[in-house]
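In what follows, chains are A, B, ... by sequence order, proteins preceding strands, each numbered from 1.
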There are 2 protein chains.
Amino acid sequence: MKVKEIANAKDANNLKVTRQEAIINLIENEHVGTQNELLKRLEEAGFAVTQATISRDIRELRLVKVANPGGSYHYEISKSNDNSLDSNKFYSIFTAGVNKVDYANNLVVVKCFTGLAQAVCATMDGMDWPGIVGTVSGDDTILVVMRDEYCAMELVQKLKEIR
Amino acid sequence: MKVKEIANAKDANNLKVTRQEAIINLIENEHVGTQNELLKRLEEAGFAVTQATISRDIRELRLVKVANPGGSYHYEISKSNDNSLDSNKFYSIFTAGVNKVDYANNLVVVKCFTGLAQAVCATMDGMDWPGIVGTVSGDDTILVVMRDEYCAMELVQKLKEIR
DNA sequence: GTATTTTATGCATAATTATGCTATGATAAA
DNA sequence: TTTATCATAGCATAATTATGCATAAAATAC
C-alpha cells in the first residue's frame with residue numbers, strides 16, 4: 001500500500017470522527033432542535049452530509065433530543081453515557097486517589113489525596129452502589145451518607161478490598 | 001359545585017398524572033423503543049390514548065429516546081442537568097435546582113443539579129426552618145444536619161411537597 | 001497482483017414523532 | 001345561570017427521523 005493511500009484512509013477515517021466531534025461541539029454550544037438544523041450548521045462548518053448520515057451519527061454518539069421547558073426541543077449528550085463507567089475505571093481512579101477509608105455511624109469518610117476527592121466522588125456516584133443516600137466532597141475528603149450503619153460498614157469493607 | 005363534579009374533576013386530573021406515572025414505570029422496567037410500543041403497553045395497562053397524547057406526555061416528562069449499543073432505541077428519563085434557570089420564571093430556585101431528597105438518620109441529603117447546590121443551600125438557610133442544626137453543600141449535594149431523625153423525616157416531607 | 005469484506009454515505013422512502021385544529025368537559029367570572 | 005377561559009385529548013397530517021438498498025472507497029484476505 002502506498003503512502004498516499006494511507007493518508008487518504010486516515011483522512012477518510014478522521015472525517016467521520018471530526019464531524020462527530022463537531023456535532024458534539026455544536027450541540028454543546030447552541031440549541032440545535034432538529035437534524036436539519038444540525039445539517040445546516042455542519043455545512044457552515046465545512047461538513048457536507050445528508051440528514052441520513054446525521055441520524056446515524058446521532059445514534060452512534062447516543063445523543064438525545066429533549067424537550068425544553070418552553071416546548072421546543074434540543075439535542076444533548078445522553079447523561080447515561082457517563083454511567084457506562086466500568087469497574088476497571090473505577091478501580092484505577094480509586095486506588096490512585098484514595099488514602100484512607102473509615103466510617104462512623106452511617107457515614108463513610110473517604111480520605112483522598114488533595115484535589116482528587118471530586119474525581120473519586122464522581123466515579124463513586126457513577127457506580128450507583130446500593131445503600132448510598134448521597135455524597136459530598138471537599139478537596140480531599142468525601143463524605144458518603146449511607147442508609148444505615150450496616151450499609152456503611154459494608155461499603156467500607158468493599159472499598160478496603162479494592163485498595 | 002356539586003360533590004360529584006369535584007370527584008370527576010379530580011379523576012380527570014389524575015388520569016393524566018397516573019398515566020404519566022405509568023409511562024415512567026414502563027420505561028424504567030422494560031425497553032420501550034417507540035411511542036407505538038408504549039401505546040400498546042399503556043392499553044394493556046388500561047390507558048387508552050393515541051400516539052399524539054403520548055408524544056405530548058413524553059415532552060412533558062422530558063423523556064428521551066436513546067440508542068442502545070445494539071442499534072435499537074429505548075426511551076429513558078432525561079438525566080439532563082438543565083441549568084437554564086433563567087428560561088423558566090415559574091419555578092423557584094428550589095424546584096429548578098433540586099433533583100432528589102432523601103434522609104438517613106438525622107441527616108437530610110438534597111441532591112441538586114450540578115453547580116446549583118450552593119444556591120439552593122443559601123435559599124434553604126434563609127428559610128430558617130426548625131430542627132436544622134447546620135448545612136454543608138458541595139457542588140451538587142447539600143447535607144443538612146437535623147436535630148434528630150424525626151426532624152429529618154419532617155424536613156424531607158416538606159421538601160417533597162414543594163417539588 | 002486480484003478477490004472479498006468492511007465502512008461510510010447518499011438516495012428514496014418507510015417509520016416515527018410532533019402539532020394545528022377541534023371538541024369536550026371543567027373551572028372561573030360575570 | 002350564562003359566558004368566558006382553560007386543560008385534555010382525538011384526528012388528520014405535517015415534520016422529522018430512521019433505514020433498506022446501492023455505490024464507492026478502503027482494508028483485508030488470498
Taking only side-chain nitrogens and oxygens of A:Q35, does any of them come within less than 4.0 Å of OP1 or OP2 of D:dA18?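 For D:dA18, OP1/OP2 do have a side-chain N/O of A:Q35 under 4.0 Å.
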Taking side chain to side chain donor-acceptor pair (under 3.5 Å) as the test, write out the residues that go with B:N25, two or more places apart.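 Result, side chain to side chain donor-acceptor pair (under 3.5 Å) vs B:N25: B:N29.
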Pull out every residue in residues 44-59 of chain B that has a heavy atom closer than 4.0 Å to any atom of DNA chain D, ordered by number, or say none.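 Residues of residues 44-59 of chain B that come under 4.0 Å of DNA chain D are, in numerical order, B:A48, B:V49, B:T50, B:A52, B:T53, B:R56.
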Bend angle of the helix from C:dG1-D:dC30 to C:dA30-D:dT1, from helix axes over five pairs at each end, nearest 10°: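 What I find for the helix from C:dG1-D:dC30 to C:dA30-D:dT1 is an axis angle of 30°.
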Spacing of [X] atom [atom1] relative to [N] atom [atom2], expressed in whole Å:
X: A:Y73; N: C:dT16; atom1: OH; atom2: P; answer: 17 Å
X: A:I23; N: C:dA8; atom1: CD1; atom2: C1'; answer: 13 Å
X: A:L39; N: D:dA15; atom1: CG; atom2: P; answer: 17 Å
X: B:E60; N: C:dT19; atom1: CD; atom2: P; answer: 12 Å
X: A:K65; N: C:dT16; atom1: NZ; atom2: P; answer: 15 Å
X: B:R19; N: D:dG10; atom1: CZ; atom2: C1'; answer: 12 Å
X: A:H74; N: D:dT16; atom1: NE2; atom2: C1'; answer: 17 Å
X: B:E43; N: D:dG10; atom1: CD; atom2: P; answer: 11 Å

Keeping [X] on the side-chain end and [Y] on the backbone end, is there a donor-acceptor pair under 3.5 Å?
X: B:T141; Y: A:T135; result: yes
X: A:R62; Y: B:A67; result: yes
X: A:N105; Y: A:L107; result: no

Out of D:dT8, C:dT17, D:dT17, whichever nucleotide has its closest atom nearest the side chain of A:Y75: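 Closest of the options to the side chain of A:Y75: D:dT17.
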Counting heavy atoms from C-beta on, name the nucleotide in D:dT8, D:dT16, D:dA18 closest to the side chain of B:K16.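 Between D:dT8, D:dT16, D:dA18, the one nearest the side chain of B:K16 would be D:dT8.
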Charged N to carboxylate O below 4.0 Å: is that the case for [X] and [Y]?
X: A:K65; Y: A:E76; value: no
X: B:D102; Y: A:R147; value: yes
X: B:R41; Y: B:E44; value: yes

Linking I/L/V/M/F/W/Y whenever any side-chain heavy atoms sit under 4.5 Å apart, do B:I142 and B:V101 land together?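 Cluster IDs for B:I142 and B:V101 match.
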Flag for A:Q20-A:D57: side-chain donor and acceptor within less than 3.5 Å: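 Judged by distance alone, the side chains do pair up.
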